[in-house]
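Quick note on labels: first sequence line is chain A, next is B, and so on, each numbered from 1.
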Protein chains: 2
Amino acid sequence: MVDNRLDATFTALADPTRRGMLAALAEGEKAVSELAAPYRMSLAGAAKHVGVLARAGLIERRKVGRRQLCRIRADRLKDASEWLAQWERFWTTRLDALESALKEDRT
Amino acid sequence: MVDNRLDATFTALADPTRRGMLAALAEGEKAVSELAAPYRMSLAGAAKHVGVLARAGLIERRKVGRRQLCRIRADRLKDASEWLAQWERFWTTRLDALESALKEDRT
DNA sequence: AGGATAGTAAACCATATGGTTGATAATCGA
DNA sequence: TCGATTATCAACCATATGGTTTACTATCCT
């Protein structure tokens, strides 16, 4: 199912630690321990989060020496974004309705 | 935290039943039992999913007679969409890189 | 009034999740 | 070679999640 990928993607995005890690990776490739550093959490714990991101396909890892460099893989993020874009019609019509309601108020 | 809202939103979106319910609500307001109908699941189980969507702020409920009519509240979906839009630069540069790689292949 | 319908609430169960610690492996640097 | 660094793995724990069933309330219909 295509759905399973969205499940994993949204599940991965549902945790602030993991969203923070993605934000950190926006600056460029980072090793697991660098990703872990900002969090009051054991390295093993943080590495689990990295694993969730990797299994969801949101990041790639490559081993360089003893470090495991991670970088963002944009395509899954794009899938999620496109799913959400489906709903754009809703909020735009919502905003349109709000706008005309406001206009009506002023007349 | 603003983050907590994103947590709840993405958690709610991480389940295919709940995404399906949102899709059903795209056609218009629906009662809980109507939302539940497509799923091989007890009404109580489905109602829990509706509760998750409501607590995440993705839907609103209003009681009409003995029915509980639900409709989409677009703003939270929009929040999630905007969070994801942050990453647009990533996949566009990715696609650009892919494109030039393909071009290079052909020369 | 009394039965069917719509929904919630509570108790329960199995499994998933987020975290810990401790052990181990691989690599770097002196 | 030896110690420190980087990371994974396994076992474990508490809590959350997705589902069930049973019981109950509220509303509608005849």
Does the protein touch nucleotides 11-25 of chain D at the base, only the backbone, or not at all? Give it as B, S and - per nucleotide, heavy atoms under 4.0 Å.
-------SBBB----
Phosphate oxygens OP1/OP2 of C/dT8: is one of them under 4.0 Å from a side-chain N or O of B/R61?
yes
Exactly one of B/R62, B/R67, B/R61, B/E34 should register a side-chain contact (heavy atoms from CB on, under 4.5 Å) with B/E29. Which one does?
B/R62
Interatomic distance, B/L69 atom CG to B/E60 atom CD [nearest 0.5 angstrom]:
12.0 Å
Value in whole Å for how far the [atom2] atom of [N] lies from [atom1] of [X]:
X     : N      : atom1 : atom2 : answer
A/R67 : D/dT8  : CZ    : P     : 13 Å
B/E34 : C/dT5  : CD    : P     : 15 Å
B/R66 : D/dT27 : CZ    : P     : 11 Å

In terms of the nearest nucleotide of DNA chain C, which residue is placed more toward the 5' end: A/K63 or B/V32?
B/V32
Are any of the side-chain heavy atoms of B/L77 and B/L13 separated by less than 4.5 Å?
yes
Are side-chain heavy atoms of A/L35 and A/H49 found at a separation under 4.5 Å?
no
Where does the angle between the aromatic ring planes of A/F10 and B/F10 fall among parallel (under 30°), tilted (30 to 60°) and perpendicular (over 60°)?
parallel
May I ask you to decide whether B/K78 forms a salt bridge with A/E88, counting only side-chain N to carboxylate O separations under 4.0 Å?
no
